[in-house]
Structures are given as C-alpha cells and as structure tokens.
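Have a look at the structure below, then the notes.
Along the sequence shown, residues carry numbers from 1. Remember, it's 1-based here, ligands and their atoms both numbered in the order they're listed.
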Amino acid sequence: MKFTSHETDTLLDILTWRRDVRHFRNTPIPDEARQLLHQAIELSPSVGNSRPWRIIEVESPEARARVIASHEKANADAVTDYCDEEKRKYFELKLAGLREAPLQIAFFTDNNPAAGRGLGRQTMQETLVFSTVTAIHQLWLMARTLNIGVGWVSILEPEKMNATLNVDPDWQFTAYLCIGYPQQQDELPELHRKGWQENEKTSWVSR
Ligand SMILES: Cc1cc2nc3c(=O)[nH]c(=O)nc-3n(C[C@H](O)[C@H](O)[C@H](O)COP(=O)(O)O)c2cc1C
C-alpha cells in the first residue's frame with residue numbers, strides 16, 4: 001500500500017476535527033460503525049503484541065447509574081482543589097456525556113497477559129497501559145471518520161470501577177469512553193472555547 005498526499009491531507013483533517021465530545025445526540029450507533037470501531041482496536045499495536053486491553057460495553061441502566069454516581073462523587077471531590085473564580089468556572093464545564101451517550105465502553109488493562117510472553121515490558125510495566133491507550137486512540141480516530149464523537153471520562157473512582165462493573169479485580173481500570181453522534185463540531189477544544197485552557201504550542205527541544 002502506498003499512500004499519497006491526499007491521504008495525508010485527510011488524516012490531517014481527521015486530527016484537526018477530532019474533539020473530546022461531551023454533548024451527544026441520542027441517535028444509536030449502527031452495527032456497521034460498531035464493527036469498524038472494533039476493527040480499529042483489533043489493528044492496534046501493543047507491547048510484545050500482548051493485546052492487554054479488556055473491554056466492557058456498559059449497557060444496562062443499572063451499571064450506567066453506578067458509573068454516573070461514581071462520576072458525581074469524583075467530580076465533587078475534584079472541585080475542592082479549586083477556589084473562588086476557578087471553582088465557578090469548573091462548575092460551568094460539562095465534563096462527561098454519561099447521561100446521553102448511546103455507546104459507553106470501559107477499558108481495563110490486564111497487567112499480566114499471557115499473550116506476548118513478557119516481551120518488551122520487563123523494564124517498563126506501564127507499557128501495557130500505554131498499549132490500551134493506543135487502542136483507545138485508534139478507536140477515537142476511526143470514530144471521527146464515521147462522524148461519531150468520543151468523550152474520555154477519567155473523573156471516576158478508578159479503584160472502584162472493577163466492582164462497579166463486576167470485572168476481574170486484577171485488571172487495571174484505564175479509561176471510560178462515551179461514544180455517540182456529537183451535537184456540534186468544532187476545530188477548537190471545548191476547554192479552550194470555554195476559557196479554561198487554551199491550546200499552547202508544544203516546544204520541541206534538541207540535544
Ligand atoms: C487521558 C485523558 C483523560 C481525559 N479525561 C477527561 C474527563 O474526565 N472529562 C473531560 O471532559 N475530558 C477529558 N479528557 C479530554 C480532554 O479534556 C481533552 O482532550 C482536551 O481538553 C483537549 O480537547 P480535544 O480532545 O477536543 O482536543 C481527557 C483526555 C485524555 C487524553
């Protein structure tokens with residue numbers, strides 16, 4: 001396969017218009033789109049080819065209610081780190097689409113996967129979590145090509161997520177994604193637009 005500048009331009013558009021989405025329409029995700037999201041994960045790289053991501057689709061109203069409760073608790077705790085004007089601004093932010101997103105997925109990492117036979121991770125065990133995060137990003141980009149938005153929710157109680165979702169207690173909770181069609185599109189991050197944090201240029205240093 002040889003790509004051309006056409007694909008480079010398309011990828012740049014996808015990267016430019018990828019956003020973290022917190023405002024969803026309740027339109028369901030069609031099966032064909034779900035299959036492509038699965039495929040994006042199947043094609044992900046991982047340390048030693050260990051494929052340590054463990055994926056739970058959170059569907060039942062009971063499980064979703066437990067996740068919302070965890071988010072509300074973690075969000076209430078997080079706001080105590082701020083005072084006055086910052087606290088007011090924090091309250092104005094919407095930091096999760098947990099009540100609306102039609103598809104919700106929890107990602108865990110198996111920190112002792114048989115696959116890969118330990119290759120590559122002896123000196124950096126955290127590469128297993130990095131591998132899960134890489135798979136998430138592949139899904140994120142694939143979703144964007146389908147005009148589907150992804151919102152990453154980390155304001156949760158990580159140590160309780162295994163019990164909340166009744167999964168293997170040895171897996172490490174890594175991420176929770178809200179997925180659905182966005183209410184709007186934008187080239188700028190919402191936190192930038194809402195005045196919380198502007199995008200600053202990354203500095204590249206040479207040695
Ligand atoms: C590891 C990770 C965790 C994040 N957790 C949250 C979160 O809990 N709530 C939220 O609203 N956004 C969360 N985000 C989204 C970021 O706020 C967002 O990526 C950033 O503001 C830049 O916006 P953009 O993704 O639209 O470019 C998270 C993003 C990453 C990569």
Side-chain angles (χ1 to χ4, degrees), residues 11-25 37 40-41 44-46 52-56 58 64 66-82 86-109 126-161 164-165 171-203:
L11 180 57
L12 199 53
D13 281 342
I14 294 164
L15 297 172
T16 302
W17 287 91
R18 177 209 57 76
R19 284 282 68 77
D20 188 86
V21 174
R22 297 120 181 148
H23 308 265
F24 295 96
R25 295 191 274 132
L37 298 181
I41 288 171
S44 297
S46 60
W53 43 81
R54 302 290 177 262
I55 298 172
I56 308 292
V58 182
R64 287 192 177 189
R66 290 196 295 276
V67 173
I68 289 172
S70 182
H71 171 67
E72 286 177 351
K73 167 80 172 62
N75 206 35
D77 289 349
V79 81
T80 61
D81 285 350
Y82 303 99
E86 274 199 318
K87 189 177 262 182
R88 193 188 58 74
K89 273 192 170 171
Y90 186 100
F91 275 126
E92 282 175 3
L93 300 172
K94 184 174 193 286
L95 295 173
L98 292 166
R99 291 181 192 279
E100 319 87 67
L103 175 60
Q104 303 192 16
I105 304 178
F107 283 79
F108 291 80
T109 302
E126 61 272 34
T127 49
L128 289 165
V129 173
F130 297 168
S131 302
T132 303
V133 171
T134 306
I136 291 168
H137 199 242
Q138 296 223 155
L139 178 151
W140 203 338
L141 296 182
M142 176 62 84
R144 189 62 191 86
T145 69
L146 300 164
N147 298 305
I148 292 170
V150 171
W152 190 317
V153 186
S154 52
I155 308 169
L156 293 164
E157 301 164 292
E159 69 289 348
K160 294 191 183 159
M161 289 303 282
T164 298
L165 298 175
W171 294 351
Q172 180 177 349
F173 174 67
T174 307
Y176 192 95
L177 301 187
C178 290
I179 302 173
Y181 292 96
Q183 286 186 10
Q184 65 172 88
Q185 302 190 20
D186 212 288
E187 273 182 285
L188 278 184
E190 187 172 331
L191 296 190
H192 184 150
R193 282 186 280 123
K194 297 252 167 93
W196 179 267
Q197 174 65 60
E198 287 201 7
N199 272 18
E200 289 164 6
K201 274 258 180 270
T202 308
S203 65

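Under the 3.5 Å distance criterion, with hydrogens and angles disregarded, no donor-acceptor pair is assigned to the side chains of Gln172 and Arg54. A donor and an acceptor atom, one from each side chain of Asn75 and Tyr90, are located under 3.5 Å apart. A side-chain donor from one of Glu190 and His23 sits under 3.5 Å from a side-chain acceptor of the other. Using modelled atom types, one finds no donor on one side chain facing an acceptor on the other under 3.5 Å when comparing Thr134 with Ser44.
Taking every non-hydrogen atom of Arg18 and a distance limit under 4.0 Å, the qualifying atoms of ligand 1 come out as 24 (P), 25 (O), 27 (O). Shown in contact with Leu191 at under 4.0 Å from a heavy atom are these atoms of ligand 1, numbered in order with element: 17 (O), 21 (O). Distances below 4.0 Å separate heavy atoms of Val153 from the following atoms of ligand 1: 7 (C), 8 (O). Those atoms of ligand 1 with a heavy atom of Arg19 less than 4.0 angstrom away are 24 (P), 26 (O), 27 (O). Taking a cut-off of under 4.0 Å to the non-hydrogen atoms of Ile155, the atoms of ligand 1 that pass are 8 (O).
Here the side chains of Val21 and Cys178 are not in contact, with every heavy-atom distance at 4.5 Å or above. Two residues are said to be in side-chain contact when any heavy atoms from C-beta on lie closer than 4.5 Å; Arg18 and Leu141 meet this criterion.
Considering only non-hydrogen protein atoms, atom 8 (O) of ligand 1 sits nearest to Ser154 N, 2.7 Å. In terms of protein heavy-atom proximity, atom 23 (O) of ligand 1 is closest to Pro189 CB, 3.2 Å. Nearest protein heavy-atom contact of atom 31 (C) of ligand 1 is Trp152 CE3, 4.0 Å. For atom 19 (O) of ligand 1, the closest non-hydrogen atom of the protein is Asp20 CB, 4.0 Å.
Atom 15 (C) of ligand 1 lies below 4.0 Å from at least one non-hydrogen atom of the protein.
Salt-bridge annotation for Lys87 and Glu92: absent, with no side-chain N of the basic residue lying under 4.0 Å from a carboxylate O of the acidic one. Using a 4.0 Å cut-off between charged nitrogen and carboxylate oxygen, Asp186 and Arg193 count as a salt-bridge pair.
Every N/O-N/O distance between Lys94 and ligand 1 stays at or above 3.5 Å. Considering both main-chain and side-chain atoms, Leu95 comes within under 3.5 Å of ligand 1 through a nitrogen or oxygen pair.
Of the heavy atoms in Arg22, only side-chain atoms (C-beta onward) come closer than 4.0 Å to ligand 1.
When the shell of 6.0 Å around CZ of Arg99 is examined, it contains 12 or fewer heavy atoms from other residues, nucleotides or ligands.
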